Amino acid sequence: MDIFSFLVQTLNAVQYGLLLFLVASGLTLVFGIMGIINLAHGSFYMAGAYLAFGLTSATGSLVWAIVLGVPLAMLVGAALEALLFVHLYKRDHLEQVLLTYGLILIFEELRSLIVGNDVHGVAMPDFLAGSIPLNDTLSYPVYRLAISAVCVVLAIGLYFLIQRTRLGMMIRAGSHDRDMVQALGINITVIYRVVFALGVAMAALAGMLAAPISSVGPNMGGQVLILSFVVVVIGGIGSVWGALLGALLIGFADTFGKVILPEFAGAMVYLVMAAVLLWRPEGLLKKGA
Amino acid sequence: MLESNLATAAPVARMAADGRHPGTAPVADSDSAVRRPGDASDTPQASADALLAARGLHTYYGSSHILHGVDFTVHKGEALGLMGRNGMGKTTLIRSLMGLVRTASGSVTVRGREMRGAATHAIAKCGIAYVPEGRGIFPNLSVKENLLMAARPGVDGQCEWTFERVMATFPRLAERLTNGGGQLSGGEQQMLTIGRALMTNPDLLILDEATEGLAPLIAREIWRIVREIRLSGIATVIVDKNHAAVSSITDRTMILVKGQVVFDGSSEDFRADPDLVTQHLGV
Ligand SMILES: Nc1ncnc2c1ncn2[C@@H]1O[C@H](COP(=O)(O)OP(=O)(O)OP(=O)(O)O)[C@@H](O)[C@H]1O
Ligand SMILES: [Mg+2]
């Protein structure tokens, strides 16, 4: 592998990892703070991709689709929390898994009813459609760089929100002692709703960003869900920065696995997970870190 | 509510104070200072300045009946000592008042407004700050964050307790602002929870076993701070095993035995009657 194809693969790995982080951070936050295992989290990614398809067709641009779609996803997330997930906080994991698995089936069925089972493509915005030449034969698509940039900005924003704002302090405090937060006069219900809606919006945004570079089709949530759980477990359940490390690790393992050991490509991610867990059974970072 | 009023209003024979008889809870004799419905303290005029009050409160943990019709009042600016041996229901009473455990019947009012069954945060927002047994600091937040996350103006918009004032009151905390809450010593953790409670600019501060497990010197420091808080006009409810210390800084004393109020009177009266200690508090 020469330096340029190495560079291309590295950029791909980072972009893939960051996108995965967008999905996994919501999953790990909801688990770490509210104690909920949400199998339907991948469906939000799928919903985002379809939203991108629908709204891009309607408005003519993916940018508009994102501008409209992200607030919409937040509203849907808040509504889902208020109607369904709020009942799960005091339930055990089996009941959580049952309800959220049921949601996957419902979301897939709804998708099938509303948009059918065809595979769709979404056009990327014109101003991001170009690519940057690296040498005579290789070039790198601007759109993928843009995805990485958006994800980096969001990761920094999330860091700022959680580490530097009072809302973030309340979120972290709530992950440790829900009753004590309430006894300080803070409405934890609202905080949970915000966190959940945020998680849904980030997963949906990941789906929207991914839509132009991967086809939009049935069951696209399943694969992402599994990888997100791998990321969450590697990173340390409940740790957002662990999720970032884990997601980048999976991004590199998957991307370079396909190049270096194509015959093991599918297993590479799980080998990495096994290795990390043998080294650190609790994951890379602790909850709340 | 009804049956508890009847129970307390009915004249009752004095039971053996050791409470060994199954099914018979110790009850105060008629000349003790238990406040009964209809007493002067319950006239509308007197309860008008009641900050937090409960009437006939019953609380269960599963099938075990813990609070048996407790009447409780703390007035604006008043310091109340809540005493009782281990397991008598002091913490349960406080958690019932705060809405942290479900109560079966009775009433809880804050400034005359019914709050039983309300969310804990709504009760706390009425100006009630709670320093729980075991402290309840957030170890995953720094000392500074523990304080800042709780900051808000009081019910009447008062903002006397700023971050700076808390720092001045607890100089030890000022030196450890960037430490994680979990890295503090027991005494420092206690100061942090008290400081955090003050950041909400409360009208009432409830302290459950604030000096438990602390070295005497540190405990004395805590008492000094509690006295200072009292003098600033904040009402306090103090639960502590050190009844001498509590009764010396409170206006009123209340004793719980097996989830029932057996004494509710002035701390002066409490100190004047050493039998109360031997009967209800001694080991
Ligand atoms: N979560 C719980 N579940 C069941 N029983 C409980 C629970 N918490 C307390 N109890 C019981 O309720 C009774 C009252 O407990 P509580 O903690 O209110 O007493 P306390 O007066 O605060 O005692 P201490 O001085 O030890 O703090 C005790 O018999 C205790 O065993
Ligand atoms: Mg107790």
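Not measured: the values here are computed from a predicted model. Throughout, protein chains are lettered first and strands after them, A, B, ... in sequence-line order, and every chain is numbered starting at 1.
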Might you point out which heavy atoms bring Tyr130(B) and Met180(A) nearest each other, and give the distance in Å?
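Answer, listing the atom of Tyr130(B) first, then Met180(A): O-CE, 3.4 Å.
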Distance-minimising heavy-atom pair for Ala183(A) and Ala124(B)
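Taking Ala183(A) first and Ala124(B) second, the nearest heavy atoms are O-CB, 3.3 Å.
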Heavy-atom contact with chain A under 4.5 Å, split by part of Ile128(B)
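Only the backbone of Ile128(B) comes within 4.5 Å of chain A.
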Nearest-0.5 Å distance, [atom1] of residue [X] to [atom2] of residue [Y]:
X: Asp177(A); Y: Arg135(B); atom1: CG; atom2: CZ; result: 14.0 Å
X: Met199(B); Y: Leu184(A); atom1: CE; atom2: CG; result: 11.0 Å
X: Met169(A); Y: Ser142(B); atom1: CE; atom2: OG; result: 7.0 Å

Is it the case that atom [atom1] in [X] sees more than 12 heavy atoms from other parts of the structure closer than 6.0 Å?
X: Lys144(B); atom1: NZ; result: no
X: Glu228(B); atom1: CD; result: yes
X: Arg102(B); atom1: CZ; result: no
X: Tyr101(A); atom1: OH; result: no

Between Pro139(B), Ala129(B), Gly127(B), which has the largest tally of heavy atom pairs under 4.5 Å with chain A?
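Ranked by contacts with chain A, first place is Pro139(B).
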Top of Leu141(B), Leu100(B), Thr200(B), Ile137(B) for chain A proximity - count of heavy-atom pairs under 4.5 angstrom:
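Greatest number of close heavy-atom pairs with chain A: Leu141(B).
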Pick from Ile188(A), Thr165(A), Asn187(A), Ile186(A) with the largest number of heavy-atom pairs that fall under 4.5 Å of chain B
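Option with the top pair count is Asn187(A).
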Under 3.5 Å: donor-acceptor pair, side chain of Asn140(B), backbone of Arg172(A):
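Confirmed, Asn140(B) side chain pairs with Arg172(A) backbone.
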Looking only at heavy atoms, which of residues 147-170 of chain B get nearer than 4.5 Å to chain A?
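Near chain A, by residue number: Leu148(B), Met149(B), Ala150(B), Ala151(B), Arg152(B).
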Could you please state which residues from residues 193-209 of chain A sit under 4.5 angstrom from chain B, measuring non-hydrogen atom to non-hydrogen atom, sorted by number, or 'none'?
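No residue falls under the 4.5 Å cut-off.
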Under a 4.0 Å N-O cut-off, is there an ion pair linking Glu145(B) with Arg166(A)?
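Answer for the salt bridge query: no.
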